[in-house]
Amino acid sequence: MILSRSYRSQKSSRSAQRRSMTLEALENRTVMNFTPAVTLPVGIDPRSVTVGDFNHDGKPDLAVLNQGPSGTTPQSSVSVLLGNGNGSFQPAKTANLINTGAATGVAQSLVVGDFNGDHVLDVAVNTAGRVGPAVEVMLGNGDGTFQTVHEILKVGPNPLSLAVGDFDHNGALDLVTANSQGTVSLLLNNGDGSFRPRVDLNVGGAPRAIVVGDFNGDGAPDIATAQQLTNTVSLLLGHGDGTFGRPLSFAATNSLSFAPMSLAVGDVNGDGKADLVVNSIGGEDSFVTQLGVLLGNGKGSFQAPIFQIPATAGGDGDMALGDFNHDGRLDIALGGEAAIPDGLAVLNGNGDGTFGVPFQSPLRVSTGGQDPFGVAAADLNGDGLVDLVAANSSSGSVGVMLNTSRPIVAAPTTTTVSTSTATAVFGQIETVTATVNSQAGTPVGTVFFHDGDTLVGSAPLDASGRASIPVSLGIGAHALTASFFGTTGFADSTSAAASVTVNPDATRLALTSSVNPAVTGQAVTFTATASAVAPGGGSPTGTITFKDGNTILGTVAIQSGGKATLTTSFAATGGHAITATYSGSLAFVTSSTALTEQVNTPPTHKATTTSLLASANPIAVGQLVTFTTTVHDPLGTATPTGTVTYWVGNTVVARVTLDANGQARIRGSFSIAGRFTIRAVYSGDANFAGSEQSLIEQVNP
């Protein structure tokens, strides 16, 4: 059910537009539309559909892969519906596959091509039936039927997707499968419809889908796979002789909650280089589709992926690329199971690697059945428009939807733009509002706001024909315009520019001291915090210079949060005038602030004496003993405060605060015998100096 088709989408003649919505005159577009689906019965559980001329009458036919009934003995088959050239088809001719039945799986993917050089289209299907994982080749008879003898080609475990290409340049089509256990299996054609034994190439990450294209412009087909376990795309560059380089890896999603399901190749930005589109599925109870577009640079690598934001309701089936609205740009149709209750989701291509118009739901195209996994796009009735066909897996049918897109007759519109202020400061949030008018009524569509040539945002029109966005602009003069992208009969229009001047923002500086007053020689840390003054915003950058009077203490770079810190000390007593000056920057105005740091003479500490007593000495191993420390003021003027640190040898065992009597105690026991030095060290406080005492404690066995 993964896209591996023989058709290729039309190349756009437009120049590439990168990462910005491309607008065009509405008169040059068409309203995308399809006829109600005509359903045709095929086999049980059809999963894949493709288009080809199987009876050489110049009219497109359909080939459908039917997985068959569920259960222990599934019988997969291929149905061919011969086309009448007008979008209608003859009843299906169905042929059973051989490699199905009670085994590890059923047929998954189908491709067509002339594999034996007789100018008649053949079919290849990847299966996992009685003879194990394989590709089954069915040679065509030229009338929509197939020869009874099928060639079974063994491949790697769990083949999920199949693609075709002439990898060794011998003029015969080769086959390649994506195997979920981390490999691709290459089957090179001998030129007569027989194939050489498989060659397995590692790509890793459980490849779910595979496509073939020339991604480096050397004329040799390359292979791309989408990996579900690693959420990546692997690219194998072909050498043209059936060998390939080591796989190159590229991101396919921007979230672990999305897993790649299908893959398509085409030139989606009109630069003549092959691009990749990845359909990834997320969600638990319902599917959410995230399209990831990897724009090719024509040298065998891709730009950073463009993701569809926000994700949209989608499906886990095939993708079909085609120019459905006939504007020269590739559009996309997504299939899947019940995640798309109204059928296929169709999104128009914008010509720059994005799909769909923001804030608008995709077009829903009913397929006349349930769970349209397989999707194909081709001109089925010769009118020059790309039609759609889907395999309705739960309905046993294919639905044919003929393209009836017609040019839009657009009503003129006028767009004006205004801003909440013509003069702003850096970091200020202002509102830009567009108003779109038309004599035909209130326009419907989306407005894209630009600052010069830069897209700054977009918003849908409300019921009054207005759209607004908040913006924060850089320093300088700005010319803001609004471009209306019309829908349902309203022409596009662009406003005249509205001028806005953005000036540097005023700043506010706060200054604090870690200790004030301080004493001479004491370390003091000053912290200055620069902030923007409303209505501006952001965090100022640059430097802050600290001074003591006219003496520069230091210049410090601003860190996160607008803060800068400087640590110093003072030799002179008295009040010190400390100033902090912010240097300013392109976006922020300079500012300064000050405080007075009082510096005093250090106080004179009174001497103390410390005594240390044990409740018992000697003691036995395990016996409890209490050590009591008393800190005295020899003059008896006050009781010292602070802490006592107890040491046993060179190890600190406790730190205890003195009580109101100037005492501290610890209690414990010793686990081994010996002589131990116990030391009590008083820390001192604001008035008293430190002191210490020690003793030897004898511990007997």
**Student:** Ignoring hydrogens and angles, tell me if any N or O in the side chain of D505 forms a donor-acceptor pair with the backbone of V425 under 3.5 Å.
**Tutor:** no
**Student:** For F302 and F250, take the angle between the two ring planes, folded into 0 to 90°, and tell me which bin it lands in: parallel under 30, tilted 30 to 60, perpendicular over 60.
**Tutor:** perpendicular
**Student:** Q290 and T253: side-chain hydrogen bond (donor to acceptor under 3.5 Å, both in side chains), yes or no, with the steps?
**Tutor:** CA-CA 8 Å; Q290 182 193 69; T253 70; 5.1 Å; no
**Student:** Would you say the side-chain atoms of S185 and N179 include a donor-acceptor pair closer than 3.5 Å?
**Tutor:** yes
**Student:** Say whether T610 and S691, considering side chains only, have a donor N or O and an acceptor N or O under 3.5 Å apart.
**Tutor:** yes
**Student:** Just by modelled atom types, is the T501 backbone N or O under 3.5 Å from a matching donor or acceptor in the T423 side chain?
**Tutor:** no
**Student:** Without hydrogens or angle criteria, can the side chains of Y682 and T629 be said to hold a donor-acceptor pair below 3.5 Å?
**Tutor:** no
**Student:** Taking the side chain from D200 and the backbone from T183, do they hold a donor-acceptor pair closer than 3.5 Å?
**Tutor:** no
**Student:** Going by the rule salt bridge (Lys or Arg N to Asp or Glu O under 4.0 Å), which residues pair with E692 if we only count those two or more places apart in sequence or in a different chain?
**Tutor:** R679
**Student:** Determine whether H576 and I578 make a side-chain contact, defined as any pair of heavy atoms from C-beta on separated by less than 4.5 Å.
**Tutor:** yes
**Student:** Looking at P517 and N600, what are the two nearest heavy atoms and their distance?
**Tutor:** CB-ND2, 3.6 Å
**Student:** Main chain of I696, side chain of N617: is a donor-acceptor contact present, judged purely on distance under 3.5 Å?
**Tutor:** yes
**Student:** Going through the distances and angles, do T596 and Q598 end up as a side-chain hydrogen bond (donor to acceptor under 3.5 Å, both in side chains)?
**Tutor:** CA-CA 6 Å; T596 298; Q598 181 63 40; over 6 Å; no
**Student:** Hey, could you give me each pair passing side-chain hydrogen bond (donor to acceptor under 3.5 Å, both in side chains) that has a residue in residues 523-536? Not counting sequence neighbours.
**Tutor:** T525-T567, T529-K563
**Student:** Ring centroids only, cut at 6.0 angstrom: are F676 and F670 within range, meaning strictly under it?
**Tutor:** yes
**Student:** Give a yes or no answer on whether the side chain of D633 reaches the backbone of L635 with a donor-acceptor pair at less than 3.5 Å.
**Tutor:** yes
**Student:** Between Q663 and T630, is there a side-chain donor-acceptor contact under 3.5 Å, judged purely by atom types and distance?
**Tutor:** yes
**Student:** Any donor and acceptor pair, going by atom type alone, linking the side chain of H478 with main-chain N or O of G452 inside 3.5 Å?
**Tutor:** no
